[in-house]
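Counting starts at 1 for both ligands and their atoms, in listed order.
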Amino acid sequence: MFKVEAIVREDKYEEVKAALNEINVYGITVSQVMGCGIQKGYESHVRGTEVDINMLPKIKFEIVVSTKDWAEKTMDVISKTANTGNHGDGKIFVTELYEAVRIRTGQRGLEAIH
Ligand SMILES: Nc1ncnc2c1ncn2[C@@H]1O[C@H](COP(=O)(O)OP(=O)(O)OP(=O)(O)O)[C@@H](O)[C@H]1O
Ligand SMILES: [Mg+2]
């Protein structure tokens with residue numbers, strides 16, 4: 001099992017959600033988050049100001065999938081839909097997932113996510 005965590009621009013939320021829906025992922029968690037990358041949150045037109053750090057609102061998607069192939073597919077779909085070619089487009093982090101539990105039934109692992 002793998003967890004794909006993607007931080008994207010707020011205005012890409014609908015597009016990414018629709019694209020994930022098309023590849024039939026088993027579940028999605030979405031959060032509104034604040035963050036910054038290498039530019040410390042400054043858009044290019046205000047870069048160079050003296051303030052220390054600036055967090056920008058972003059959307060975080062979390063998707064747990066069963067296989068590496070699904071993780072690759074999910075990453076691919078997100079990076080294509082969320083890309084504008086500008087700084088701040090976001091990042092995708094993928095981790096191996098130790099365990100999953102469906103609380104209603106107590107099922108674990110793949111049985112919990114399928
Ligand atoms: N190393 C990191 N650790 C945790 N979160 C990060 C990291 N880098 C980026 N993020 C998250 O991703 C969001 C978008 O990052 P961003 O796209 O600006 O990355 P970047 O490395 O600065 O690339 P770019 O040059 O395209 O802007 C940030 O607001 C933050 O929430
Ligand atoms: Mg950046």
Side-chain angles (χ1 to χ4, degrees):
M1 292 179 292
F2 295 88
K3 183 161 87 166
V4 179
E5 204 168 331
I7 296 133
V8 305
R9 293 180 186 281
E10 282 189 305
D11 59 6
K12 284 289 185 178
Y13 166 66
E14 291 292 343
E15 217 177 315
V16 171
K17 188 181 64 172
L20 288 171
N21 190 40
E22 271 188 23
I23 61 165
N24 290 318
V25 290
Y26 298 112
I28 301 176
T29 301
V30 176
S31 333
Q32 292 182 295
V33 297
M34 301 290 284
C36 70
I38 291 168
Q39 292 78 27
K40 305 257 186 267
Y42 291 106
E43 305 288 12
S44 48
H45 60 279
V46 292
R47 242 186 300 164
T49 9
E50 279 302 314
V51 197
D52 200 20
I53 202 167
N54 184 26
M55 298 289 180
L56 293 173
K58 299 281 174 184
I59 297 291
K60 182 168 80 172
F61 283 90
E62 288 168 84
I63 306 110
V64 171
V65 297
S66 48
T67 64
K68 210 169 200 169
D69 278 356
W70 272 106
E72 289 288 341
K73 175 124 186 127
T74 306
M75 288 160 67
D76 207 48
V77 159
I78 297 172
S79 51
K80 279 189 183 126
T81 36
N83 184 289
T84 71
N86 298 306
H87 287 299
D89 272 357
K91 288 233 168 108
I92 304 176
F93 302 110
V94 182
T95 47
E96 267 191 77
L97 192 76
Y98 166 67
E99 187 58 294
V101 180
R102 177 176 282 120
I103 293 174
R104 175 176 58 86
T105 58
Q107 289 165 304
R108 286 181 166 237
L110 294 180
E111 289 193 341
I113 62 172
H114 281 168

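- Contact annotation: for Asp89 versus ligand 1, heavy atoms closer than 4.0 Å belong to the backbone alone.
- Nearest protein heavy-atom neighbour of atom 10 (N) of ligand 1: Cys36 O, 4.0 Å.
- Taking a cut-off of under 4.0 Å to the non-hydrogen atoms of Ile38, the atoms of ligand 1 that pass are 20 (P), 21 (O), 22 (O).
- Considering only non-hydrogen atoms, atom 14 (C) of ligand 1 lies nearest to Gly90 out of Gly90, Ala82, Gly37.
- Against a heavy-atom cut-off of under 4.0 Å, Lys58 is close to the following atoms of ligand 1: 29 (O).
- Ligand 1 places these atoms under 4.0 Å from at least one heavy atom of Ile7: 11 (C), 12 (O), 13 (C), 31 (O).
- Checking side-chain atoms of Arg102 against main-chain N and O of Glu111 turns up a donor-acceptor pair under 3.5 Å.
- Nearest to atom 21 (O) of ligand 1 among the protein's heavy atoms is Lys91 NZ, 2.7 Å.
- Within ligand 1, counting atoms from 1 as listed, the ones closer than 4.0 Å to a heavy atom of Gly88 are 16 (P), 17 (O), 18 (O), 24 (P), 26 (O), 27 (O).
- The CD1 atom of Ile113 sits 8.0 Å away from the CG atom of Leu97 when rounded to the nearest 0.5 Å.
- Here the protein heavy atom with the shortest distance to atom 23 (O) of ligand 1 is Gln39 OE1, 4.4 Å.
- Here the CE-CD distance, from Met1 to Glu99, works out to 5.0 Å after rounding to the nearest 0.5 Å.
- Between Gly35 and ligand 1, at least one pair of N/O atoms sits closer than 3.5 Å.
- Polar contact with ligand 1: present for His87 (N/O pair, distance under 3.5 Å).
- For the pairing with Lys60, the side-chain contact (heavy atoms from CB on, under 4.5 Å) check across Val30, Ile7, Val8 returns one residue only, Ile7.
- Shown here is Glu22, whose CD atom has no more than 12 heavy atoms of other residues, nucleotides or ligands within 6.0 Å.
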Apply side chain to side chain donor-acceptor pair (under 3.5 Å) to residues Asn86 and Thr84 and explain how you reach the verdict. CA-CA 5 Å; Asn86 298 306; Thr84 71; 3.2 Å; yes
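- The shortest N or O to N or O distance between Phe93 and ligand 1 is not under 3.5 Å.
- In this structure, Ala71 and Phe2 approach most closely via the heavy-atom pair CB-CB, 4.0 Å.
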Chi angles and distances behind the salt bridge (charged side-chain N to carboxylate O under 4.0 Å, His left out) call for Lys73, Asp69: CA-CA 6 Å; Lys73 175 124 186 127; Asp69 278 356; over 6 Å; no
